[in-house]
Amino acid sequence: MNTSTAAAIPPLPPDWPADVAAARAVQDSLRARVVLDEAGPAPGGGRVTGVDVAYDDARDVVAAAVVVLDAASLDVVEEATAVGRVAFPYVPGLLAFREVPAVLAALAALDTDPGLVVCDGYGVAHPRRFGLASHLGVLTGLPTIGVAKNPFTFSHEAPGDARGSATPLLDGAEEVGSALRTRAGVKPVFVSVGHRVTLAAARAHTLHLTPRYRLPETTRRADALCRAALREATTA
DNA sequence: GCGACAG
DNA sequence: ATCTTGTCGC
């Protein structure tokens, strides 16, 4: 049994967007605060935190999990979860409004400094250059990166088969991230900068976090934990 | 107008 | 994301 308790997600702020147009306006307003000229934490050191969210839309329940790892050993340092009501429907380009409230509640429950936050999704690789990782970075001030499993609306050439190979992720002619091979011969992941980190550093962090599997150890751990939290919140 | 579209 | 069985392979 898990003796830890999931934190509650606090009430949404009064200015929370009520529709798609309002949400886009919020993104257009916050995007100016994204910091892109900082090197960020050194890959392989300090702490790295994975965040992920699971849903039961039928019951209107959402569960977020954050897992802090020691970057050198990849051992778990601390975990936290948060459970509550779904704050926004899934709309491509507006994923952050669906995930952020739950993630912020889980982060607030931590005693440890998160260090670099690794999100399951995109950062500046976004229609308005303000995806989940950038949104979370701006709201918390923490350095963040996004590691997505799908290319979304972007294009890319296939990276070489060797682990570590990367090609530009493009929005038209603009490079918004990287398609990065984390496992030889396996479908690449899509890395982008969130906040206060360089794209090259984001790739290096991702490689440090994938010694064995395609997805970062951070998101694998967070994924398992948020699913368990959702199940607990949904079970009688 | 139609299709595509992170999780 | 989530719905879902078996199956191929290390």
Side-chain angles (χ1 to χ4, degrees), chain A residues 9 20 23-24 26-27 30-31 34 50-67 81-104 106 117-138 144-156 163 169-172 174-180 182-195 199 202 206 211-216 218-235:
Chain A
I9 297 174
V20 168
R24 287 183 180 147
V26 170
Q27 293 182 324
L30 294 179
R31 60 188 282 186
V34 176
V51 306
D52 196 15
V53 183
Y55 303 87
D56 185 332
D57 284 296
R59 300 184 186 186
D60 192 35
V61 178
V62 56
V66 296
V67 180
T81 58
V83 172
R85 298 292 207 169
V86 177
F88 210 82
Y90 172 67
V91 179
L94 300 178
L95 176 64
F97 294 94
R98 188 165 165 76
E99 312 224 325
V100 157
V103 173
L104 289 178
V117 175
V118 181
C119 297
D120 194 5
Y122 282 113
V124 297
H126 178 273
R128 287 168 296 284
R129 303 295 178 268
F130 197 68
L132 170 63
S134 297
H135 201 139
L136 191 60
V138 164
T144 64
I145 67 173
V147 179
K149 299 182 287 296
N150 297 296
F152 198 15
T153 62
F154 310 109
S155 61
H156 69 284
R163 163 176 154 83
L169 185 64
L170 305 169
D171 184 351
E174 185 178 351
E175 179 171 10
V176 294
S178 304
L180 175 66
T182 56
R183 295 297 298 161
V186 173
K187 175 180 177 174
V189 294
F190 304 91
V191 180
S192 59
V193 168
H195 183 59
L199 179 56
T206 301
R212 171 148 192 189
Y213 300 102
R214 176 171 85 114
L215 298 180
T218 38
T219 75
R220 286 169 46 76
R221 284 280 174 56
D223 177 75
L225 186 57
C226 71
R227 290 194 197 204
L230 179 65
R231 183 170 273 191
E232 232 172 83
T234 289
T235 297

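Predicted, not measured: the structure shown is a model, and the values here were computed from it.
- With sequence neighbours excluded, no residue forms a side-chain hydrogen bond (donor to acceptor under 3.5 Å, both in side chains) with A:R221.
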Notebook entry, point to check: So what's the dot-bracket for DNA chain B: Watson-Crick or G-U pairs under 3.5 Å, [ ] if a pair crosses, | if it pairs off-strand?
Noted result: .......

Next item on the list: Go through A:R129 and A:E174 one step at a time and tell me if the side-chain contact (heavy atoms from CB on, under 4.5 Å) criterion holds.
Entry: CA-CA 11 Å; A:R129 303 295 178 268; A:E174 185 178 351; 3.0 Å; yes

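- In this structure the side chain of A:F130 reaches within 4.5 angstrom of the side chain of A:H135, judged on heavy atoms.
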Note to self: Pair A:V62, A:R98 - check side-chain contact (heavy atoms from CB on, under 4.5 Å), show working.
What the structure shows: CA-CA 9 Å; A:V62 56; A:R98 188 165 165 76; over 6 Å; no

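- Here A:H126 and A:F152 keep their ring centres 6.0 angstrom or further from each other.
- Sequence neighbours left out, not one pair with a member in residues 87-97 of chain A passes side-chain hydrogen bond (donor to acceptor under 3.5 Å, both in side chains).
- Within the model, atoms CZ of A:R227 and CG of A:L225 stand 12.0 Å from one another, a figure rounded to the nearest 0.5 Å.
- A donor-acceptor contact shorter than 3.5 Å links the side chain of A:T144 to the backbone of A:A133.
- A side-chain donor-acceptor contact under 3.5 Å links A:Q27 to the backbone of A:G93.
- The distance from the CG atom of A:L136 to the CD1 atom of A:I145 is 12.5 Å, given to the nearest 0.5 Å.
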Can you pull every protein N or O that's under 3.5 Å from an N or O on nucleotides 3-10 of chain C?
none

Item checked: Pairing string, 5' to 3', for DNA chain C - Watson-Crick or wobble contacts under 3.5 Å, brackets [ ] where pairs cross, | to another strand -> ..........

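- At least one side-chain heavy atom of A:L132 sits under 4.5 Å from a side-chain heavy atom of A:E99.
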Check: Please walk me through it: do A:L199 and A:E175 pass side-chain contact (heavy atoms from CB on, under 4.5 Å)?
Finding: CA-CA 10 Å; A:L199 179 56; A:E175 179 171 10; 4.0 Å; yes

Protein N or O to nucleotides 2-7 of chain B N or O, pairs below 3.5 Å:
{"unit_1": "B:dA6", "atom_1": "OP2", "unit_2": "A:Y90", "atom_2": "OH", "d": "3.0"}
{"unit_1": "B:dA6", "atom_1": "N7", "unit_2": "A:G93", "atom_2": "N", "d": "3.3"}
{"unit_1": "B:dA6", "atom_1": "N6", "unit_2": "A:G93", "atom_2": "O", "d": "3.1"}
{"unit_1": "B:dA6", "atom_1": "N6", "unit_2": "A:L94", "atom_2": "N", "d": "3.4"}
{"unit_1": "B:dA6", "atom_1": "N6", "unit_2": "A:L95", "atom_2": "N", "d": "3.2"}
{"unit_1": "B:dA6", "atom_1": "N1", "unit_2": "A:L132", "atom_2": "N", "d": "3.2"}
{"unit_1": "B:dA6", "atom_1": "N3", "unit_2": "A:Y122", "atom_2": "N", "d": "3.1"}
{"unit_1": "B:dG7", "atom_1": "OP1", "unit_2": "A:K149", "atom_2": "N", "d": "2.8"}
{"unit_1": "B:dG7", "atom_1": "OP1", "unit_2": "A:K149", "atom_2": "NZ", "d": "3.4"}
{"unit_1": "B:dG7", "atom_1": "OP2", "unit_2": "A:N150", "atom_2": "ND2", "d": "2.6"}

